[in-house]
There are 2 protein chains.
Amino acid sequence: MVRMIDVANHAGVSLKTVSRVLNNEPHVQDALRSKVHASVKELGYIPSASARSLRSSRTYTFHLISRTVEGNFVNTIQSGAVRASQKHGYNLIVSLMGFETLNEPEALERWSKSFLIQKRPDGVILVPPYSDSPLFNEIINKAGIPISRIGPNEIDDMNNVNITIDDGVAAKEATNHLISLGHRRIGFIRGYEDHGATHKRFKGYSDALQEAGIDLDPSLVKPGMFSFESGMNAGLELLSMNNRPTAIFAANDDMAAGVIVAAYRNNIKVPEAVSVMGFDDSELAERIWPTLSTIRQPLLRYGEQAVEYLVNRAGNNSKKKSDRPSWTDILDYEFILRESTGPLNEYSIT
Amino acid sequence: MVRMIDVANHAGVSLKTVSRVLNNEPHVQDALRSKVHASVKELGYIPSASARSLRSSRTYTFHLISRTVEGNFVNTIQSGAVRASQKHGYNLIVSLMGFETLNEPEALERWSKSFLIQKRPDGVILVPPYSDSPLFNEIINKAGIPISRIGPNEIDDMNNVNITIDDGVAAKEATNHLISLGHRRIGFIRGYEDHGATHKRFKGYSDALQEAGIDLDPSLVKPGMFSFESGMNAGLELLSMNNRPTAIFAANDDMAAGVIVAAYRNNIKVPEAVSVMGFDDSELAERIWPTLSTIRQPLLRYGEQAVEYLVNRAGNNSKKKSDRPSWTDILDYEFILRESTGPLNEYSIT
DNA sequence: ATGAAAGCGCTAACAC
DNA sequence: GTGTTAGCGCTTTCAT
């Protein structure tokens, strides 16, 4: 094992000079700089991350905490986060925390200590529904670890960074699209009730109906769990109604895909007999038939932005809260028109 | 910050005793054990991972290295690996390495040094196509880091662990399924040529044809890249042939999903007019219509097993190669019959 | 602009 | 069975 002192001896300089060069610090003559670099290369020196962490109390790692890493949503965010982390010389650790842990303060604290605080990451990325747990946020904040929260329900005053789109506005636009196609009986499938997104998207849906002078029919609103299966079940219910909806807006793409399969199973054509609208623009959206009209969330950018902010805060190195004000970044969404939505027509009528 | 010495003072024991208790080492009286535990709790002591790593030269982290983390394959493996890692008190770092890096020895070495060896993980998990790069394997091995390789093309003698299914046997069974349905013109869509799986699955396909006395028609074999798009393109080609195949076996599910969309676009019914067979049993397989007949790889278990082996080797703590012999684990695959494959019939004939 | 010395928090080696 | 000592490899502090 080659250590820094070996490089120093080989280059004929002091330990500290090597350290300065490797950390790109100023106050070193160019001549010494290149000498050090040459020695590093010749000896094949690789710095020890642990030693550096111990002394500098920076680990150059971030943690992404989620309930599951399967499914397109977290997956794509993660992809953006890993790329951005590596770009800045950081590593990304993916941690999975049980959903139920959120509601058990003691379990939450135990989990945080053993899986998070012990590792002292330089920052944490929280995705729904964890972005919305005040207690969880507080535990992490107390440990002095900055947080980037993705898609939080409410913006708090805890000096964190929030990254999101305006779910309400987006859902309203999606609903207006269906209304403009002539639909008036429009079903809605909700997601997890503890995800803020569920409520915001539903509000966008109901606002659009109201503005169009359409009464909201509660029988057209079904619960869901953001999963394919829950979407399929809700779809089966909605499509077997006597006076079934002519369009269905699901709160995410996985559920919308479930509705489309439900339609196939009932021999109902999409979009001729029923239009289906999703939300997220997940990978699935272009892989199913008909391809899914949806709202694109900039998932990759969520991950990238989250990391950029954390790198920045770590760079400032200021543990003083005042130096890291709360910050909210509302990114643009995009309406994606594909083949699962179409005009109201004679097929639609039951 | 509470340190170990603070706990020792508070409990009235020595530093080393605290260390022994926290590491579950023997030779400590129960009375002292509980005293220490009490002090830990009272002071809210959390050990420092960096200090422990520096001294013990174990980092309690594994690296999973892949080209992308998007798509179901790596994603599911990762999920299993994260869970298993946490269970044993390890963290999983996800690293992305550019595909092209593999073919540039210098870039590969640079990447390894800055993103891998510097962090000194206690183990590395390699997925295709990285599991098959001898140079990459060698660089990691030289650094004394154990490797679990998932789905490697060839079993080497580098004292690593290999986890896979028998792709050839599985692909043969899949092809036999199509043959038993009466199909004789069976198309095949290949994957990346540098993935061993491509060749093994093709061999299973051609072996099955041969045993059934069917001549392999090279015009029915198309290249692919394991992506939805490449599958759709290959599907469009195959389905627009004058004498088109009555069944298509794609080397993975993403491509099979592409074939199904290609069929829709050409108004060809699946499975009535063409049967489609996938491979992997990815998330997609149950989310599209018709649901996909496929071969299930135990992806979650790949990840779990990979970690179990690494934990074991790290536990043995023996850097001597002789103590960690090469080991190959061939897991069971599963044939999954769904709705995309059906008997040859009058619709199939062009 | 450079170097010497101190020490981050822990575990390994060795005493007792 | 328990404690003492040394030191992992680096960055920080302070002296020059």
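Residue numbers begin at 1 in each chain, while the letters A, B, ... track the order of the sequences.
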Inset, instruction - Classify the side-chain pair B/Arg83/B/Ser79 by whether it contains a donor and acceptor separated by less than 3.5 Å. - result: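 Yes, because at least one side-chain N or O of B/Arg83 sits under 3.5 Å from a partner of the opposite role on B/Ser79.
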
So, OP1 or OP2 of [N]: does either fall under 4.0 Å of a side-chain N or O from [X]?
X: A/Ser48; N: D/dG9; answer: no
X: A/Thr17; N: C/dG3; answer: yes
X: B/Ser19; N: C/dC10; answer: no
X: B/Tyr45; N: C/dC10; answer: yes
X: A/Arg55; N: D/dT12; answer: no

Provide, to the nearest angstrom, the distance between the [atom1] atom belonging to [X] and the [atom2] atom belonging to [N].
X: A/Met1; N: D/dG7; atom1: CE; atom2: P; value: 18 Å
X: A/Arg52; N: D/dG9; atom1: CZ; atom2: P; value: 15 Å
X: B/Arg58; N: D/dG9; atom1: CZ; atom2: C1'; value: 19 Å
X: B/Leu15; N: C/dG9; atom1: CG; atom2: C1'; value: 9 Å
X: A/Asn23; N: D/dC10; atom1: CG; atom2: P; value: 11 Å
X: A/Asn9; N: C/dA4; atom1: CG; atom2: P; value: 11 Å
X: A/Arg3; N: D/dC10; atom1: CZ; atom2: P; value: 8 Å
X: B/Gln29; N: D/dG3; atom1: CD; atom2: C1'; value: 14 Å

Inset, instruction - When you get a sec, tell me which of C/dC10, C/dA13, C/dT2 is the closest nucleotide to the side chain of B/Lys16? - result: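 Of C/dC10, C/dA13, C/dT2, C/dA13 is nearest to the side chain of B/Lys16.
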
Inset, instruction - Return the nearest nucleotide to the side chain of B/Ala51; candidates are D/dT11, D/dG9, C/dG9. - result: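 Among D/dT11, D/dG9, C/dG9, the one nearest the side chain of B/Ala51 is C/dG9.
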
Inset, instruction - Applying salt bridge (Lys or Arg N to Asp or Glu O under 4.0 Å), name anything that partners B/Arg3, two or more places apart in sequence or on another chain. - result: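 B/Arg3: salt bridge (Lys or Arg N to Asp or Glu O under 4.0 Å) contacts with B/Asp6.
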
Legend entry - Closest-nucleotide 5' rank along DNA chain D - winner of A/Ile5 and B/Leu32: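 Looking at the nearest nucleotide for each, B/Leu32 comes out on the 5' side.
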
Inset, instruction - Please figure out whether A/Arg20 or A/Val2 has its closest DNA chain D nucleotide nearer the 5' end. - result: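 Between the two, 5'-proximity favours A/Val2.
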
Legend entry - Heavy-atom side-chain proximity of A/Lys35 to A/Val21 below 4.5 angstrom: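 A/Lys35 vs A/Val21: side chains apart.
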
Inset, instruction - Would you check if A/Ile139 and A/Ile117 make a side-chain contact, meaning some heavy-atom pair closer than 4.5 Å? - result: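 The answer is yes; the side chains approach within 4.5 Å.
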
Legend entry - Touch class at under 4.0 angstrom, heavy-atom based, for B/Pro47 against every strand present: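 The residue B/Pro47 makes sugar-phosphate contact but no base contact.
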
Inset, instruction - Kindly assign one of parallel, tilted or perpendicular to the pair B/Trp327 and B/Tyr309, based on the angle between their ring planes and the thresholds 30° and 60°. - result: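 Because their plane-to-plane angle lies in the 30° to 60° range, the rings of B/Trp327 and B/Tyr309 count as tilted.
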
